[in-house]
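Down below is the structure, laid out as structure tokens.
All figures in this text were calculated on a predicted structure; none of them were measured in a lab. Proteins come first, then strands; the chains are lettered A, B, ... in the order of their sequence lines, and each starts at number 1. Scope of the values below: all heavy atoms of this structure, side chains included, with no hydrogens, waters or symmetry mates.
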There are 2 protein chains.
Amino acid sequence: MATGTDPSTARSVRSPSVKDVATRAGVSLGTVSNVLNRPDRVSEATRSRVEKAMADLGFVRNESARQLRAGRSSTIAYVMLDASNPFFTDVAQGIEDAAEQADMSLFICNSDNRASREARYLQRLQQQRVTGILITPVDPSHPSLDELSRHGTPVVIVDRVGNTEDHCSVAVDDVLGGRLAIEHLLDLGHERIAFVGGPESIGQVRDRLDGARGALAGTGASLTVVHTSALSVAEGRSAGERIAGLPRSSRPTAAFCANDLLALGLLQQCVGLGIGVPDQLAIVGYDDIDFAAAAAVPLTSVRQPRRDLGRTAAELLLDEATNADHEHQQVLFTPVLVARASTRRT
Amino acid sequence: MATGTDPSTARSVRSPSVKDVATRAGVSLGTVSNVLNRPDRVSEATRSRVEKAMADLGFVRNESARQLRAGRSSTIAYVMLDASNPFFTDVAQGIEDAAEQADMSLFICNSDNRASREARYLQRLQQQRVTGILITPVDPSHPSLDELSRHGTPVVIVDRVGNTEDHCSVAVDDVLGGRLAIEHLLDLGHERIAFVGGPESIGQVRDRLDGARGALAGTGASLTVVHTSALSVAEGRSAGERIAGLPRSSRPTAAFCANDLLALGLLQQCVGLGIGVPDQLAIVGYDDIDFAAAAAVPLTSVRQPRRDLGRTAAELLLDEATNADHEHQQVLFTPVLVARASTRRT
DNA sequence: CGCATTAGTTGAAACCTTTCAATTACCGAG
DNA sequence: CTCGGTAATTGAAAGGTTTCAACTAATGCG
């Protein structure tokens with residue numbers, strides 16, 4: 001019987017408003033609003049009548065209208081740098097936990113490392129009057145972020161440190177992380193170490209390298225920098241080729257990679273070329289993503305508290321949004337080295 | 001000089017509206033709207049005056065008000081099943097490509113395999129009056145999806161096939177995928193094959209197993225089902241333990257895993273236990289996520305056109321949202337087997 | 001019984017944008 | 001100089017919700 005003209009299946013029927021509900025329940029529209037927002041002020045009988053009417057009509061609150069009235073939405077957003085890097089999806093989970101707890105919606109956007117896309121999203125989010133924005137920016141010093149803050153949209157920088165005047169930030173001490181990685185390798189007796197990473201325009205890469213250099217200072221060990229053009233598995237493989245090409249006598253006996261994707265690529269290349277890990281090359285990654293532990297030679301890695309990072313960032317954002325006497329702060333987490341087979345002493 | 005009472009840094013200044021812009025530019029608010037929406041109907045002089053006023057005031061369009069007027073937002077959403085599975089993030093990228101092209105915002109939500117969270121998101125999205133929803137549902141036969149459609153919100157099921165009456169769907173032929181995997185193993189001469197996967201409540205698992213069984217029918221080869229309680233790396237490791245525990249004489253010589261996470265876990269366990277891959281156990285995964293090729297023994301896997309899946313789904317959704325004579329369709333993509341070292345003939 | 005109080009309900013105003021019919025200003029043709 | 005026509009601009013209305021001052025009805029107390 002479901003003919004095309006059956007009105008019950010027509011798609012463009014305006015969805016019912018509070019007014020419709022009010023009419024059907026025989027009350028004023030103010031009362032319907034009270035049922036929704038202050039049910040205690042409505043008599044039992046009226047409330048159930050209104051609720052019945054809502055159910056009958058299939059009433060769904062119009063969020064746009066609410067927001068318009070309220071001037072603010074109950075949504076926060078996370079603009080992530082690279083959705084294909086598990087590190088960031090884990091951060092997002094932490095954010096989501098906090099958002100859920102505060103009964104806020106979370107809008108996730110992926111800038112995919114492109115400044116233009118990031119800008120487009122920021123503009124849209126501002127138009128939506130989101131309560132606040134969490135962002136791992138392509139360029140943490142870009143003035144558009146400060147502008148957002150000054151326009152009244154709270155911004156929290158995640159995993160970078162931005163302009164400390166205008167927003168909170170949550171990051172992990174990458175210098176310390178670099179130091180931990182190198183100290184671990186020094187403890188194992190390595191004296192020729194490679195740092196695999198790049199480009200150096202990325203703040204994390206710089207900091208981790210700085211930490212590495214700091215730990216090496218004064219020791220007799222040497223550091224070779226093997227440059228990569230991105231933090232990806234493919235670039236890790238390519239770095240592996242270059243390392244393998246070095247004469248055995250001068251080849252590093254250990255490599256510290258700027259992130260786990262690189263480390264996984266490097267590891268794969270080593271196995272393919274018959275370079276024993278950790279015997280001929282010990283490898284330390286960074287981030288401790290789940291795939292690091294699951295690699296065929298489980299990867300030693302510097303773990304960052306990813307979920308906490310996200311959760312804390314979200315909490316700071318919500319504080320800034322709701323708390324009048326909020327003060328910006330820069331939270332710095334401490335990384336931890338997780339030793340696994342890829343650096344096992346043999 | 002930045003005292004707390006400096007008005008320029010006060011946070012609660014109402015952001016300027018078209019009215020404010022109109023006043024400042026000395027025109028009516030209708031004209032401001034024309035500048036925004038039909039600039040060709042405004043004289044050169046007026047337009048630049050208005051644009052100047054907007055810049056001076058830092059005017060940002062209020063999306064809520066636009067939506068309220070329009071009755072619809074220009075946002076679509078993807079409710080993904082598991083943000084930590086790279087397969088879904090790749091699907092999301094495809095969706096994003098299509099959304100960007102159509103100049104739509106994309107709202108990404110992660111149900112994290114939890115029905116309650118999924119329900120919460122669906123409700124919120126409906127309240128936001130999104131243009132449409134893409135979803136990889138926890139339970140594709142759940143009536144709430146049909147209800148959404150009937151309420152006027154287009155819904156497209158991604159990577160599952162739902163109720164074909166009420167929505168489009170885009171999926172990959174999992175029965176064929178299962179068949180491809182097994183045929184590949186049969187070609188290599190395997191006669192004792194394990195299927196690693198579960199729970200069977202997941203449609204994909206069922207279909208892939210069905211395909212596997214179909215390919216085996218009539219051949220002399222046998223199939224052992226190694227059950228898992230989830231499609232995760234950890235479960236893959238556990239399955240590996242169980243396979244390793246079988247007496248060598250009856251142990252399968254090949255394993256077909258319901259997805260790559262399982263396969264990676266299985267592979268890792270095999271390497272740890274000294275079971276040669278592919279010599280003693282050949283492994284075929286499913287999804288061909290990037291980490292599959294990057295595994296220490298690169299993984300043979302059944303590739304799904306993830307990005308196309310996402311893109312197509314988004315296109316169907318947009319068609320349904322804009323095209324009056326849209327007809328629901330079920331698109332079925334064809335998977336491809338990608339052979340790598342984990343099944344290399346030795 | 002009348003007054004004060006409370007509980008419950010009402011209706012208008014405000015939020016900001018877009019649309020569209022109506023108006024004004026201007027120009028050229030007759 | 002007037003008429004017709006076009007280009008530019010205007011102002012009011014609509015869209016759905018929330019808030020709040022104002023109102024009504026009911027209750028309790030003296």
Examine distances only and state if a side-chain atom of [X] and a backbone atom of [Y] form a donor-acceptor pair shorter than 3.5 Å.
X: Thr75(B); Y: Leu106(B); value: no
X: Asp112(B); Y: Arg114(B); value: no
X: Asp20(A); Y: Ser17(A); value: yes
X: Thr312(B); Y: Leu309(B); value: no
X: Thr89(B); Y: Ser84(A); value: no
X: Arg129(A); Y: Gln126(A); value: yes

Whole Å only: how far is the [atom1] atom of [X] from the [atom2] atom of [N]?
X: Arg66(B); N: dG16(D); atom1: CZ; atom2: C1'; answer: 18 Å
X: Asp20(B); N: dC16(C); atom1: CG; atom2: C1'; answer: 10 Å
X: Asn62(A); N: dC16(C); atom1: CG; atom2: P; answer: 16 Å
X: Leu68(B); N: dA14(C); atom1: CG; atom2: C1'; answer: 12 Å
X: Phe59(B); N: dC16(C); atom1: CZ; atom2: P; answer: 10 Å
X: Leu36(A); N: dG16(D); atom1: CG; atom2: P; answer: 15 Å
X: Gln127(B); N: dT17(D); atom1: CD; atom2: P; answer: 10 Å
X: Leu57(B); N: dC16(C); atom1: CG; atom2: P; answer: 13 Å

I need the [X] [atom1] to [Y] [atom2] distance, nearest 0.5 Å.
X: His167(B); Y: Leu134(B); atom1: NE2; atom2: CG; answer: 12.0 Å
X: Ile133(A); Y: Leu148(A); atom1: CD1; atom2: CG; answer: 5.0 Å
X: Arg124(A); Y: Cys109(A); atom1: CZ; atom2: SG; answer: 10.0 Å

Do the side-chain N or O atoms of [X] get closer than 4.0 angstrom to the phosphate oxygens (OP1, OP2) of [N]?
X: Thr46(A); N: dT9(C); answer: yes
X: Arg14(B); N: dC16(C); answer: yes
X: Ser43(B); N: dT9(D); answer: yes
X: Arg47(B); N: dA8(D); answer: no
X: Arg72(A); N: dC15(C); answer: no

Mind listing the N/O atom pairs, protein and nucleotides 23-26 of chain C, below 3.5 Å?
none

Which protein N or O atoms sit under 3.5 Å from an N or O of nucleotides 19-22 of chain C?
from    : atom 1 : to       : atom 2 : distance (Å)
dT19(C) : OP2    : Arg38(B) : NH2    : 2.9
dT19(C) : O4'    : Arg69(B) : NH1    : 3.0

Terminal helix-axis angle for the helix from dC1(C)-dG30(D) to dG30(C)-dC1(D), with five pairs defining each axis and rounding to 10 degrees: 50°
Given DNA chain C, 5'-ward residue of the pair Ala70(B) and Ser28(A), judged by closest heavy atom: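 Looking at DNA chain C, the more 5' nearest nucleotide goes with Ser28(A).
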Can you figure out which of [options] approaches the side chain of [X] most closely?
X: Ala65(B); options: dT17(C), dG11(C), dT18(C); value: dT17(C)
X: Thr31(A); options: dG16(D), dT17(C), dT9(C); value: dT9(C)
X: Val18(B); options: dT10(C), dG16(D), dT17(C); value: dT17(C)

Look at all strands and tell whether Val42(A) reaches a base, only sugar-phosphate, or nothing, counting heavy atoms closer than 4.0 Å.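 The answer is sugar-phosphate, as Val42(A) gets under 4.0 Å only of primed atoms, P, OP1 or OP2.
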Taking the basic N atoms (NZ, or NE/NH1/NH2) and the acidic carboxylate oxygens, is any pair closer than 4.0 Å for [X] and [Y]?
X: Asp103(A); Y: Arg120(B); answer: yes
X: Arg47(A); Y: Glu44(A); answer: yes
X: Asp56(A); Y: Lys52(A); answer: yes

Tell me which pairs pass salt bridge (charged side-chain N to carboxylate O under 4.0 Å, His left out) where either residue lies in residues 134-145 of chain A, with sequence neighbours left out.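 Qualifying pairs: none.
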Could you work out, with ring pair (Phe, Tyr, Trp, His ring centres under 6.0 Å) as the rule, every residue matching Phe107(A), not counting sequence neighbours?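 Once residues adjacent in sequence are excluded, the partners of Phe107(A) under the ring pair (Phe, Tyr, Trp, His ring centres under 6.0 Å) criterion are Phe107(B).
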Below 3.5 Å between N/O atoms, which protein atoms pair up with nucleotides 4-7 of chain D? Just atom names and distances, please.
none

May I ask you to check whether His151(A) and Thr153(A) show a side-chain donor-acceptor distance below 3.5 Å? no
